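Counting convention: from 1, in listed order, for ligands and their atoms alike. Note that the coordinates shown come from a computational prediction; the quantities given were computed from them, not determined experimentally. These values consider heavy atoms only, across backbone and side chains, with no hydrogens, waters or symmetry-generated copies.
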Amino acid sequence: MRVIENLKRISQQINEACEKVNRKMEEVTLIAVTKYVSIERAQEAFNAGITNLGENRDEGLLEKWEVLQDKPIWHYIGSLQTRKVKNIIDKVEYIHSLDRVSLAEEINKRANKKIKCLVQVNVSGEESKHGLSLKEAIPFIESLAKFENIVVDGLMTMAPYTDDEQILRDCFRKLRELRDQVQTMQLESAPCENLSMGMSNDFALAIEEGATMIRIGTALVGEDG
Ligand SMILES: *Cc1c(COP(=O)(O)O)cnc(C)c1O
């Protein structure tokens with residue numbers, strides 16, 4: 001399937017989810033996750049009009065960056081090893097996976113400008129997942145205020161792998177409530193506007209629960225293009 005056809009279908013689904021809860025489609029940024037696919041397929045996605053691209057490995061990001069350069073808005077979405085920060089820092093606009101102080105220190109040190117970071121939260125508490133617990137998140141966000149190159153632009157989570165709509169909704173709702181709580185703190189270093197949640201299987205629910213960024217790989221660009 002061509003990306004443009006997948007995009008048409010997904011846009012329709014985004015639109016339906018938004019209408020259900022009276023949100024505007026423009027509130028939701030679609031990030032095409034190109035981690036499984038070739039440079040050509042990533043280029044096809046960009047040419048189809050998707051300006052936000054996400055990668056979860058430095059190698060994948062760099063090879064696609066060689067071709068597309070800074071035309072797309074690049075999102076680093078996966079767990080990030082501290083020693084790899086220097087490879088990606090001047091290429092990305094957003095880092096969705098800030099989950100520890102040592103990583104914040106390295107980002108702060110290597111960046112030449114403010115980097116929009118999303119704090120990754122492990123809402124479901126599954127051991128296999130990265131991220132801070134709901135309880136740890138606020139003290140962590142407060143501790144980031146001293147890093148002048150880090151802006152806490154939002155929160156990110158990965159929902160559990162399940163079809164159970166209630167479990168998914170609970171997960172997304174808890175992240176939204178945490179975001180609202182951070183916003184009431186009015187920290188200059190943490191405007192915390194974005195909610196990065198929702199992937200191929202659960203993005204419609206995530207939008208209904210308030211997602212402002214959805215990260216879609218399989219359903220949009222496929223897994224082996
Ligand atoms: C791979 C990945 C996605 C996209 O997953 P799909 O199910 O293929 O849409 C989204 N977010 C993160 C963090 C990922 O690693």
Side-chain angles (χ1 to χ4, degrees), residues 1-3 5-14 17 28-39 41-42 44-46 48 50-64 72-81 84-85 88 92-100 103 107 115-132 137 153-165 167-168 171-172 175 194-225:
M1 197 81 105
R2 294 172 59 213
V3 174
E5 286 155 25
N6 292 333
L7 177 61
K8 212 169 150 189
R9 187 185 69 251
I10 286 169
S11 301
Q12 186 64 38
Q13 289 166 333
I14 294 172
V28 181
T29 299
L30 171 62
I31 302 167
V33 175
T34 53
K35 67 183 184 193
Y36 310 113
V37 301
S38 64
I39 298 170
R41 190 70 167 166
E44 186 190 339
F46 181 73
I50 305 169
T51 47
N52 289 269
L53 301 185
E55 278 284 333
N56 73 340
R57 285 171 42 247
D58 64 332
E59 296 93 336
L61 180 80
L62 294 178
E63 69 177 25
K64 283 158 186 141
I73 298 168
W74 290 101
H75 298 252
Y76 193 90
I77 60 166
S79 66
L80 179 54
Q81 286 174 282
K84 303 234 160 140
V85 168
I88 59 134
V92 299
E93 184 101 13
Y94 294 88
I95 295 175
H96 287 236
S97 41
L98 180 53
D99 60 357
R100 58 195 191 278
L103 179 58
I107 293 170
I115 304 287
K116 293 176 198 147
C117 296
L118 290 91
V119 170
Q120 184 166 355
V121 182
N122 181 0
V123 178
S124 62
E126 286 176 294
E127 272 188 33
S128 60
K129 292 208 155 66
H130 289 270
L132 296 130
D153 179 70
L155 304 178
M156 179 275 213
T157 199
M158 290 177 79
Y161 190 73
T162 174
D163 292 335
D164 188 322
E165 188 175 319
I167 292 175
L168 293 167
C171 172
F172 297 141
L175 195 71
N194 280 309
L195 273 180
S196 169
M197 56 189 197
M199 314 187 351
S200 289
N201 291 321
D202 54 20
F203 70 88
L205 289 179
I207 291 170
E208 287 180 39
E209 298 297 338
T212 66
M213 291 174 160
I214 55 176
R215 313 177 306 266
I216 307 189
T218 316
L220 186 56
V221 292
E223 299 182 273
D224 54 5

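Of the possible donor and acceptor atoms, one in the side chain of Y76 sits under 3.5 Å from a partner among the backbone N and O of N56. With hydrogens and angles ignored, the 3.5 Å screen pairs a side-chain donor or acceptor of T212 with a backbone N or O of L195.
Closest non-hydrogen pair, P160 versus L168, comes out as O-CD2, 3.6 Å. Considering every non-hydrogen atom in both L132 and L98, the closest pair reads CD1-O, 4.4 Å.
The protein residues lying under 4.0 angstrom from ligand 1, judged by non-hydrogen atoms, are V33, K35, Y36, I77, M156, M158, M199, S200, R215, I216, G217, T218.
Residues Y36 and V221 fail the side-chain proximity criterion, which asks for heavy atoms closer than 4.5 Å.
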*Could you walk me through whether R41 and E44 pass the salt bridge (charged side-chain N to carboxylate O under 4.0 Å, His left out) check?*
CA-CA 5 Å; R41 190 70 167 166; E44 186 190 339; 3.0 Å; yes
